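We name chains A, B, ... by the order of the sequence lines, and we start the count at 1 in each one. Predicted model only: the values in this text are computed from it and were never measured.
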Amino acid sequence: MTLKLMPMNDGVPASDLLNGLNPAQAEAVSTTEGPVLIIAGAGSGKTRVLTFRVAYLLRMGVNPAHVLALTFTNRAAQEMKERISHLVGGNTARTMWAGTFHSIFARILRQYADRIGYTPSFTIYDTDDQGAAIKAVMNQLGVSQQVLPPNGVRGRISTAKNSMISWQEYVRGADSIAEKQTGQIFEEYEKRLAQSNAMDFDDLLLNTIKLLEHHPDVLEILQDRFRYLLVDEYQDTNRAQYRAVTMLAQKYRNLCVVGDDAQSIYRWRGADIRNILDFERDYPETKVVRLEQNYRSTKTILAAADSVIKRNTKQLKKQLFTENVEGEKITLLACRDDREEADMVAKTIRSRVEKYGYSYKDVAILYRTNAQSQALEDALRRSNTPYHILSGVSFYKRKEVKDTLAYLRLLVNPNDTESILRVINEPARGIGNTTLERVQEYAVRNNSTVFDVLSNIEVVPNIQTRTVKSVKDFIGIITRYQEMMPELAPASLAQAYIEATGLPHMYKVQQSEEALDRWNNIERLLDHIVEQQDLDESLTLINYLEQIALLSDADDPKLGTERIAMMTMHAAKGLEFPLVVIAGLEQGLFPLAKAEADMQEQEEERRLLYVGITRAREQLVLSYAERRYRFGELVFSRPSMFLGEIDKDCLAPSARSMTGSTPSAKPQHAGASPTKQSSYSQVAQSETYSQLPMPKRYTSVSQPKARGVQGPAPEGPTTSTVGQRVKHPMFGAGTVTAVSGTGQSEKATVMFDSGQKKQLMIAFARLETL
DNA sequence: ACTTAGTAAATTCTC
DNA sequence: TTTACTAAGT
């Protein structure tokens, strides 16, 4: 391909696009031919470069259908398309392919499914389905779940797949008994999925590779279709993704990858930093472009981020700088416990919103683990601050929603065994475990699918007549609506079919608040299908289900509404906010306990903090708590070692004097004899507690005044006596009728004056003595 | 076969 | 604290 500086039909020359860009950006945009490696520091206008690059290509006359952009989230892909449409106008970008590896590959695989032994209606299994399949296989093989935890097996199988190790290779390399067993499970698992016409997430990559390797004609078609490839977040791709991209790019070699090794945070799920480090070796003619000017953050924030990341030994050379203002210093909140931390975070945000005129959508609270969201959430709710959480228990993870989706999946692919087992007795139809065991056993023995066996249930011995009828009814519903599929639009079909399954009815008659909630969720899901169908006339049930299966937390459409965003730092990748709070900077939590001893893990945690800090545009607040509830138990902790790594000049004065005695000033383990105790242990407290800045006393919300029975009290046992009169914020006054348990798990049974009897955890229920 | 109560385990991150 | 699995009761 040769460059033609010809204006496109809209009459604007391509070079106009370069006007607002700095030299490095312009180079990254205009080097359209051949391999390009863009090392893009945080906030260096990476997204802008990517979109301009595509727009530039299109202006140069490249057919948008020849462009493939692989992004990290669907949201990023969508945004990219919109921006490009904006730049080049009209529908030009519509035929361009943009999406995550998984969604793009799923699309390709549907097209060529028959080449690799699937039908185009294959099902995509999520982690839960995987777990269910693995447990079923272990059951079938008689492997105890006590001896070999299914979760661990799932992890090992997934790791193997991400490294492109087949079950045959895995078995060959297995030494220990556990590995041999895992290998056996691996084999049966693969067979079970194939039988179910289903793929797990890893298969979407592996099967694409298989398709390209074994079918040269398909490879060539795809190479010719995707003449220009872009890969975003390249540092977080794994070997399988690398392999697939390499094959696709082989013919035209127009491969542009964008990444930042400092932001590589997915090593644990197979991301291989070699992909970025070896790029130049694999493509000797590579043009390397470094984007080093940061347009996002203040000098202070950038300096803080830099002071942290430079502690890592392995990283590509680059020096980020910014022409932005110095900005506010970073605030450090030192708190007594997680509840106080949450209250202080909430209070700080509210005051900043007031003082600086931020709106809530400008604010994000980031944390290391999802579990931390609970306390923060409570505090925000108490102070009436609007927020929303990305991830956690999302809508699509709810039982009733998953059940509904499973029913829908069966309509498209009745061989989907995991879905059958999930819903066959939901609502209860009198088809129990014994029956299902027999059916599965029969299916395995006769190399048949569970659905086929159920369809001919008479042939299975030892099934009760009543059960046979139930099974027939169940199969009847599916086949009946399957036949209607060609005639009905997906939304109305789904509506009628789900109604016929009796699932909504079951919840509706239960009348409890929870059941009605569930019923409501099913309705919402069905409404959503209607919506999506209205948006896209050509929507099929297959497309819809795929879209849901490949949804990620970062795709949450609620982002950008007038609320504080709460999420893990992983989920925050690619986002930015004027005000960012990072909570829970404690040893053992961030970095996680597991990473404290392992340098590699520690460096990954440090990169994660780097990602967190660089999400902030104007202001950054960090916090830690001296003690925190974990598993309902109070544990002590020291401030994170990372706090000591942040350049002192970046911290606000009050914080600076406080950090004068943080771990960096004194070696953490100085004097402390090596113990096996985790950093959360009480021992750690006595060693380092006194070195810590004492947090300013914070008047906590609703501190119970009473002594006897009251909230979390770490010191001494909480005691309450039978006959004690107490008051509860919700239930009102009452009398303690019984006490059970000790310490943190001490429970009191209270007969309230309203007539209600409740058993309450004394440590958590905010009871007041009267 | 289904319900319920009781206990064990979990909390790292995800397409 | 919440969730998930197991065991015993109906």
Side-chain angles (χ1 to χ4, degrees), chain A residues 70-76 99-106 124-128 130-132 135 145-146 149-151 154-155 158 161-162 199-205 233 236-238 240-241 264-271 338 366-375 378 390-394 397 399 425-436 464 466-467 470 546-555 567-573 584 588-595 601 604-605 607-608 611-612 628-635 680 712 744-745 747 761 763-765:
Chain A
L70 294 162
T71 57
F72 201 68
T73 62
N74 293 302
R75 151 177 285 271
T100 61
F101 274 93
H102 291 85
S103 59
I104 295 287
F105 287 0
I124 298 170
Y125 275 1
D126 67 13
T127 314
D128 283 356
Q130 267 182 63
K135 279 178 197 160
Q145 300 190 15
Q146 313 291 332
N151 258 340
R154 180 167 50 71
S158 179
K161 286 178 136 188
N162 276 321
M199 298 187 195
D200 63 24
F201 290 136
D202 305 322
D203 286 330
L204 292 174
L205 307 180
E233 307 286 6
D236 284 327
T237 53
N238 61 34
Q241 291 168 325
S264 163
I265 52 176
Y266 285 100
R267 204 175 59 109
W268 52 272
R269 76 166 201 218
D338 50 350
L366 310 181
Y367 35 79
R368 180 66 241 264
T369 67
N370 275 313
Q372 288 167 259
S373 68
Q374 186 80 53
D378 291 343
L390 275 82
S391 171
V393 189
S394 82
K397 284 180 187 149
K399 176 184 169 9
N425 209 26
E426 199 72 39
R429 296 186 173 91
I431 306 170
N433 264 331
T434 333
T435 307
L436 294 177
Q464 307 220 320
R466 210 181 56 192
T467 315
S470 299
E546 178 174 303
Q547 192 188 313
I548 302 299
L550 299 177
L551 218 54
S552 70
D553 292 331
D555 291 325
M567 68 195 92
T568 63
M569 269 168 284
H570 282 92
K573 186 161 88 157
L589 183 61
F590 191 21
L592 283 170
K594 200 181 142 200
E601 299 261 2
E604 174 134 329
E605 298 278 311
R607 287 194 294 270
L608 187 56
V611 168
R628 165 183 308 278
Y629 280 93
R630 281 191 122 191
F631 320 112
E633 213 184 344
L634 193 66
V635 285
Y680 267 94
Q744 284 302 312
S745 54
K747 292 186 196 109
M761 295 278 281
F764 295 96

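Across all strands, A/Phe101 comes closer than 4.0 Å to no nucleic acid atom at all (heavy-atom distances). Across all strands, A/Lys135 comes closer than 4.0 Å only to sugar-phosphate atoms, never to a base (heavy-atom distances). Counting any heavy atom pair closer than 4.0 Å across all strands shown, A/Ile265 reaches no nucleic acid atom. Heavy atoms of A/Thr127 sit under 4.0 angstrom from at least one base atom. Residue contacts shown for A/Asp126 are absent, as no nucleic acid heavy atom lies under 4.0 Å away.
Note that OG1 of A/Thr100 is 6.0 Å distant from CG of A/Leu550, once rounded to the nearest 0.5 Å.
With rounding to whole Å, A/Arg466 atom CZ is found 8 Å from B/dA1 atom C1'. Atom CD in A/Gln145 sits roughly 9 Å away from atom C1' in C/dC5 (whole-Å rounding). In this structure, the CZ atom of A/Phe631 is 14 Å from the C1' atom of C/dT3, given to the nearest Å. Between the CG atom of A/Leu390 and the C1' atom of B/dC13 there is a distance of 14 Å, given to the nearest Å. A/Asp128 has its CG atom 12 Å from the C1' atom of C/dA4, to the nearest Å. One interatomic measurement links the two molecules: CG of A/Leu204 to P of B/dC15, which rounds to 13 Å at whole-angstrom precision. Per the geometry, CZ belonging to A/Arg630 stands 17 Å off P belonging to C/dT2, to the nearest Å. Atom-to-atom, CZ of A/Arg368 to P of B/dT14 comes out at 9 Å; the value is rounded to the nearest Å.
With DNA chain B read from its 5' end, the first of the two nearest nucleotides for A/Glu605 and A/Thr100 is the one closest to A/Glu605.
Exactly one of A/Lys573, A/Arg267, A/Arg269 qualifies for a salt bridge (charged side-chain N to carboxylate O under 4.0 Å, His left out) with A/Asp236. That residue is A/Lys573.
When the side-chain nitrogen and oxygen atoms of A/Asn425 are compared with OP1 and OP2 of B/dA1, none of them lie within a distance under 4.0 Å. The side chain of A/Asn433 places no N or O atom within less than 4.0 Å of a non-bridging phosphate oxygen (OP1 or OP2) of B/dA1. Considering only side-chain N and O atoms, A/Ser158 lies nowhere under 4.0 angstrom from the phosphate OP1 or OP2 of B/dC15. Note on A/Thr369: every side-chain N or O is 4.0 Å or more away from OP1 and OP2 of B/dC13. Taking 4.0 angstrom as the limit, A/Thr568 places none of its side-chain polar atoms (N or O) nearer than this to OP1 or OP2 of B/dT12.
Side chain to side chain, A/Gln130 and A/Thr127 fail the donor-acceptor criterion of an N or O pair below 3.5 Å.
In terms of heavy-atom proximity, A/Gly584 sits nearest to A/Leu589 at O-CD2, 3.6 Å. Of all non-hydrogen atoms in A/Asn238 and A/Asn162, the two that sit nearest each other are ND2-OD1, 3.1 Å.
Only the P atoms considered, B/dC13 is 15 Å distant from C/dA4, to the nearest whole Å.
With B/dT12, B/dA1, B/dT11 as the candidates, the nucleotide lying closest to the side chain of A/Lys594 is B/dT12. With B/dA1, B/dT14, B/dC2 as the candidates, the nucleotide lying closest to the side chain of A/Ala428 is B/dC2.
Open room surrounds CD on A/Gln464; 12 or fewer heavy atoms of other groups in view lie less than 6.0 Å from it.
A stacked arrangement is assigned to A/Trp268 and the six-membered base ring of B/dC13, with a centre-to-centre distance below 5.5 Å and an interplanar angle below 30°.
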